[in-house]
Number of protein chains: 2
Amino acid sequence: MSPRPKGRTSKSDLRGKIIEAAWEQISREGASALSLREIARNLGIAAPSIYNYFSDRDDLVTALILEAYESLASHQKAANDAAPVENLHARLASIGNAYRDWAVTFPQRYLLIFGTPIPGYVAPLETIAPVAASSLNALISVVESFHQAGRLKVVDIDTRTIAALIWTRVHGLVSVDISNNLPPIGLAGTQLFQIEFKLIVDQFFKE
Amino acid sequence: MSPRPKGRTSKSDLRGKIIEAAWEQISREGASALSLREIARNLGIAAPSIYNYFSDRDDLVTALILEAYESLASHQKAANDAAPVENLHARLASIGNAYRDWAVTFPQRYLLIFGTPIPGYVAPLETIAPVAASSLNALISVVESFHQAGRLKVVDIDTRTIAALIWTRVHGLVSVDISNNLPPIGLAGTQLFQIEFKLIVDQFFKE
DNA sequence: TAGTTTATACTAACACTGTAAGCTAACACT
DNA sequence: AGTGTTAGCTTACAGTGTTAGTATAAACTA
């Protein structure tokens, strides 16, 4: 039926195309609608061929999660580097806005990372933890800088704990926002984010 | 094969048993592993019989979500009523702790409500919004009371917005905690929650 | 260059899922 | 008694992830 492509295609990069098709599908339908057979259909290949590149569906999902974390981490780093090193408030604002922007631009990727959207999927922590941690590096680094400059308002909490709390606050707001679970208080997500960000800065950082 | 039960069983409450079996399954395997056929197997009935009580799987999930919201809301109300009306800080602490306790006790129910764990399921907002809102009533009421007592530190933010932000903070921390997505900072979820709760109280409320 | 191995595609099949259609026995009501 | 409705059942269909077995083209080896 199919024209039987020439065996080892050598440079067709089918693995990359599978990942690409998976993202396309996730962006449209959400992570939980990921289907190996539909990926295969879209690519014009047989479904089991995917198993030449991923040991099973979970393995593909893990690859997607790693890619998403790397994307988030690189956006964070870019935002951090875009602000002057010595202007800590500017750096903080830059990475804060970049964090929300990334989540709003790629909501399904964000939910893929931080939700539990795939039936029966459990993330292999030892694989994911390192790159997940690296997506928090920019924030941790800024908090550390505030600390070393003696500009932390709160002194009885470890800097990494402060960073973790800032993250859970931002994550809580952003994840609820892109899931459309915000309580109906007449404020758009952007406005609420600005308010919360200001409150966070006020509470933890001097000047 | 089966002894063919006596037709209209009238008081067998199969609908209730289906929901019960669904919870049992969700508690063990997580919400995304919910399977109508396995429910039927556990109850010793045929899978399509479920359709006599729920129009489809999503309908069952909606019923579960409503039940979960109601449970959360009633726990919140109980916690609110357990503290003396005039002691606003005690009431706030009571509902705060009750919120986390409920989430930790029923993590899968919490994730069912606030995550997007079911493949292809989209919550019917007009059905769920009212009971979802009612689970925030205790918090809103306490914040209102602080406001009317002139004991809000922050005056340029609407009280409902303050309540919403407090909720997103608590939700962010709790949801990440029960999903085991907390950054590795050596603090247990309980400790982190106490720290964050104190910070919230300090930031918004006087005395 | 000829022969062998290996990688990558395929088809067919299995076990599972939600769900629709149609049948039947028991009850409720005229 | 007869009728209609309810709530079970079996059967069947289309979808899913996954495994097994097969074929072919490329790459390596003698």
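In what follows, every chain begins at residue 1, and chains take the letters A, B, ... in the order their sequences are listed. Because the structure is predicted, anything quoted here is derived from the model rather than measured.
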| said: Counting only side-chain nitrogens and oxygens, does B:Ser49 get under 4.0 Å of the OP1 or OP2 atom of D:dC9? | reply: yes

Separation of C:dT11 atom C1' from A:Asn52 atom CG, nearest Å, is 14 Å

Check nucleotides 18-22 of chain D against the protein and report each pair of N or O atoms closer than 3.5 Å, with its distance, or say if there are none.
{"residue": "D:dT18", "atom": "OP2", "partner": "A:Tyr51", "partner atom": "OH", "Å": "2.7"}
{"residue": "D:dT18", "atom": "OP2", "partner": "A:Arg57", "partner atom": "N", "Å": "2.7"}
{"residue": "D:dT18", "atom": "O5'", "partner": "A:Tyr51", "partner atom": "OH", "Å": "2.8"}

From CD1 of A:Ile45 across to P of D:dT24 the rounded distance in Å is 20 Å

Separation of C:dA9 atom P from A:Asp13 atom CG, nearest Å, is 11 Å

B:Ile39 CD1 to C:dT19 P, in whole Å, measures 11 Å

Taken to the nearest whole Å, OH/A:Tyr53 to C1'/C:dT8 is 6 Å

To the nearest angstrom, the CD1-P distance between A:Ile50 and D:dT16 comes to 11 Å

In DNA chain C, stems of three or more consecutive pairs, Watson-Crick or G-U, each with both distances under 3.5 Å, turn out to be C:1-30 with D:1-30

With the side chain defined as heavy atoms from C-beta on, A:Ser35 is closest, among C:dT17, C:dA9, D:dG17, to D:dG17

The salt bridge (Lys or Arg N to Asp or Glu O under 4.0 Å) partners of A:Arg91 (sequence neighbours excluded) come to none

Handout entry: B:Phe205 and B:His147 aromatic centres sub-6.0 Å
Key = no

Practice prompt. For the pair A:Lys17 and A:Asp13, find out whether any cationic side-chain nitrogen is under 4.0 Å from an anionic carboxylate oxygen.
Written response: no

Taken to the nearest whole Å, OH/B:Tyr121 to P/C:dG18 is 16 Å

What contact category does A:Leu60 fall into here, base, sugar-phosphate, or nothing, at under 4.0 angstrom with non-hydrogen atoms? nothing

Residues 103-112 of chain B vs side-chain hydrogen bond (donor to acceptor under 3.5 Å, both in side chains), sequence neighbours excluded, gives B:Tyr99-B:Tyr110, B:Tyr110-B:His171

Ignoring hydrogens and geometry beyond distance, is a side-chain donor-acceptor pair present between B:Arg169 and B:Gln203 at under 3.5 Å?
yes

In residues 185-192 of chain B, what donor-acceptor pairs under 3.5 Å come from side-chain atoms, sequence neighbours left out?
{"residue": "B:Gln191", "atom": "OE1", "partner": "B:Ala188", "partner atom": "N", "Å": "2.9"}

Closer than 3.5 angstrom, by distance alone: can the side chain of B:Ser71 be matched with the main-chain N or O of B:Glu67 as a donor-acceptor pair? no

Is it the case that the ring center of A:Trp102 lies less than 6.0 angstrom away from the ring center of A:Tyr69? no

### Any A:Arg41 side-chain N or O less than 4.0 Å from OP1/OP2 of D:dT16
yes

Sequence neighbours excluded, the answer for side-chain hydrogen bond (donor to acceptor under 3.5 Å, both in side chains) partners of A:Glu24 is A:Arg28

Rounded to whole Å, CG of A:Leu43 lies from P of C:dT8 at a distance of 16 Å

